[in-house]
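Inspection log for the structure reproduced underneath, given as structure tokens.
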Amino acid sequence: HAFRAGRLLVNSQVPYVIVLGGTDMNVHLREPEKRAIMEKALARAGSIVAFNAELLRTLLEAMPAIARQKTFLAAQATRVSVTRPLPADRAQLVRAAFDLRDGERLLLLPAGLRPVKDVCFLASALATWHATDSSICLRIVGPALDAKYAEAARSELHALLPSRAVRYLGALPQPLLHAAMAEAVAVLNSSKSEGMCNSLLEAMLVGTPVLARANPGNAALLGRADAIGLLFETEAELVQRAEALLADAALGARLAQAAAAHIARHHSVQAETEGYRAALQHAL
């Protein structure tokens, strides 16, 4: 990350490559003190890697003299430990871990608790939806990365009724997270901004439909044609799109199939490896 790692690397005598985080370009770039550190770190970097063209465009507009000659695109690749459907015994283990009763349907929101992830954006709407369809259950999973925000978010989520509707479960081991993705009817993203959301990539590879907040990073990943995933602007639109998805098995199957093909074409380990090899060779 240009800011987080840049603080350590800015005085390094060893060649290094900076990989842009979404928060770098969408948040830290607007904060003068953090931007100053990013500029120093990026100026000394041998290469700069962006996950998508949107992050690269933002960087080049902000720091053209620093970045123009040494930027590389390398779309993230990912691996998962399961695909849908889960074997019945493993599905039962997941449902027990997530406190899901027979007939309840899992909407999964993987997100560390920090302001940009905005996990409470959806929670009230989904609790209200649960009041009319008690099968709907939102489970939020991820580490608490910002103590002040995490405390406020936990308090807000705890106040929602009924308690079965929305719960925060903390961080999970990756195998359990991937299994939960496979058991979920949809994987969500509520972030105010994203670079390239790894949990969406994982869910797409698992074979679970995704619904994501329409920020530039998510739009760059999913497109705006509803071909490989669904975008939403508001809480009400999320509920509307999720209801349509849950009511139409063919829609979910089409999205999952198209998403898996997209991952194979654009997010392969081989392509990512070649992108980083080129960046490292340039840095050295």
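F232 pairs by the ring-ring contact (aromatic ring centres under 6.0 Å, His included) definition with nothing, not counting sequence neighbours. Contacts of R44 classified as salt bridge (charged side-chain N to carboxylate O under 4.0 Å, His left out), with partners at least two apart in sequence or in another chain: none. Partners of R265 under the side-chain contact (heavy atoms from CB on, under 4.5 Å) rule, at least two apart in sequence or in another chain, are A261, H262. Annotation: ring-ring contact (aromatic ring centres under 6.0 Å, His included) contacts of H282 (sequence neighbours excluded): F72. Scanning for side-chain contact (heavy atoms from CB on, under 4.5 Å) contacts around S163 gives R167, with sequence neighbours left out.
Residues S81 and Q174 form no side-chain contact, since every pair of their non-hydrogen atoms from C-beta on lies 4.5 Å or further apart. Looking only at side-chain heavy atoms (C-beta outward), Q270 and T273 stay at 4.5 Å or farther from each other. By the 4.5 Å heavy-atom criterion applied to side chains, L280 and S47 are not counted as neighbours. Residues Y168 and L113 meet the side-chain proximity criterion, which asks for heavy atoms closer than 4.5 Å. Within the 4.5 Å cutoff, no side-chain heavy atoms of E272 are placed close to those of H267. R105 has its side chain within reach of D133: a pair of non-hydrogen atoms, C-beta onward, lies under 4.5 Å apart.
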Hey, mind stepping through M181 and L177 against side-chain contact (heavy atoms from CB on, under 4.5 Å) and telling me if it holds? CA-CA 6 Å; M181 288 179 173; L177 173 60; 4.2 Å; yes
Intermediate values then yes/no, side-chain contact (heavy atoms from CB on, under 4.5 Å), M204 and L222: CA-CA 10 Å; M204 292 160 71; L222 300 179; 4.0 Å; yes
Could you go through the side-chain contact (heavy atoms from CB on, under 4.5 Å) check for L107 and L122 one step at a time? CA-CA 11 Å; L107 294 170; L122 308 177; over 6 Å; no
Given the rule in the salt bridge (charged side-chain N to carboxylate O under 4.0 Å, His left out) test, do R154 and E151 qualify, once you have shown the distances and angles that lead to the verdict? CA-CA 5 Å; R154 286 194 188 101; E151 181 180 0; over 6 Å; no
Taking distance alone, no hydrogens or angles, what donor-acceptor pairs closer than 3.5 Å link side-chain atoms of residues 84-94 to residues at least two apart or in another chain?
unit_1 : atom_1 : unit_2 : atom_2 : d
R84    : NE     : A182   : O      : 3.1
R84    : NH1    : G207   : O      : 3.4
R84    : NH2    : A184   : O      : 3.2

Donor-acceptor pairs are to be reported for all side-chain atoms of residues 136-150 against protein atoms at under 3.5 Å, with residues two or more places apart or in another chain.
unit_1 : atom_1 : unit_2 : atom_2 : d
R139   : NE     : F98    : O      : 3.0
R139   : NH1    : R164   : O      : 2.9
R139   : NH2    : D99    : O      : 3.4
R139   : NH2    : R164   : O      : 3.3
D146   : OD1    : K148   : N      : 3.3
D146   : OD1    : Y149   : N      : 2.9
Y149   : OH     : V119   : N      : 3.1

Under 3.5 Å, which donor-acceptor pairs do the side chains of residues 5-12 form with other protein atoms, sequence neighbours left out?
unit_1 : atom_1 : unit_2 : atom_2 : d
R7     : NE     : R4     : O      : 3.4
S12    : OG     : V14    : N      : 3.0
S12    : OG     : V14    : O      : 3.3

Under 3.5 Å, which donor-acceptor pairs link side chains of residues 56-71 to any protein atom two or more places apart or in another chain?
unit_1 : atom_1 : unit_2 : atom_2 : d
R57    : NH1    : E61    : OE1    : 3.0
R57    : NH1    : E61    : OE2    : 2.8
R57    : NH2    : E54    : OE2    : 2.5
T58    : OG1    : E54    : O      : 3.0
K70    : NZ     : L42    : O      : 2.8
K70    : NZ     : A43    : O      : 3.0
K70    : NZ     : A45    : O      : 2.7

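Residue pairs meeting the salt bridge (Lys or Arg N to Asp or Glu O under 4.0 Å) criterion with at least one partner in residues 201-215, sequence neighbours excluded, are D118-R213. Among pairs with a residue in residues 235-246, those fulfilling salt bridge (Lys or Arg N to Asp or Glu O under 4.0 Å) read D226-R241, at least two apart in sequence or across chains. Sequence neighbours left out, the pairs with a member in residues 17-26 that pass side chain to side chain donor-acceptor pair (under 3.5 Å) are T23-R114.
The backbone N or O of K117 lies less than 3.5 Å from a partner atom in the side chain of S190, making a donor-acceptor pair. A side-chain donor-acceptor contact under 3.5 Å links N52 to the backbone of G195. Side chain of T208 to backbone of V187: no donor-acceptor contact under 3.5 angstrom is found. The backbone N or O of V49 lies less than 3.5 Å from no partner atom in the side chain of Y276, so there is not a single donor-acceptor pair. Here the side chain of T128 pairs a donor or acceptor atom with the backbone of S124 at under 3.5 angstrom. Side chain of N215 to main chain of S191: a donor-acceptor pair is present (N/O by atom type, distance under 3.5 Å, no hydrogens or angles).
For the pair L160 and A123, the tightest heavy-atom approach, listed with the atom from each and the gap, is CD1-CB, 3.5 Å. Summarising the geometry of L245 relative to A186, their closest heavy-atom pair is CD2-CB, 4.1 Å, with the distance given to 0.1 Å. Nearest heavy atoms, L20 versus A2: CD2-CB, 4.2 Å. The two residues A258 and A227 make their nearest non-hydrogen contact at CB-O, 3.3 Å. The heavy-atom pair separating N198 from A77 by the smallest distance is OD1-O, 4.4 Å.
Under the 4.5 Å side-chain heavy-atom criterion for Ile, Leu, Val, Met, Phe, Trp and Tyr, I228 and L238 are members of distinct hydrophobic clusters. Residues W129 and L157 share a single hydrophobic cluster, defined by chaining ILVMFWY side chains whose heavy atoms lie under 4.5 Å apart. Hydrophobic clustering, with ILVMFWY side chains joined whenever heavy atoms are under 4.5 angstrom apart, keeps L73 apart from M196. Residues L211 and L255 share a single hydrophobic cluster, defined by chaining ILVMFWY side chains whose heavy atoms lie under 4.5 Å apart. Grouping the Ile, Leu, Val, Met, Phe, Trp and Tyr side chains by contacts below 4.5 angstrom, directly or via other members, places F121 apart from V210.
The neighbour count for H158 NE2, taken as heavy atoms of other residues, nucleotides or ligands under 6.0 Å away, does not exceed 12. Counting non-hydrogen atoms of neighbouring residues, nucleotides and ligands closer than 6.0 angstrom, the CD atom of E31 exceeds 12 such neighbours.
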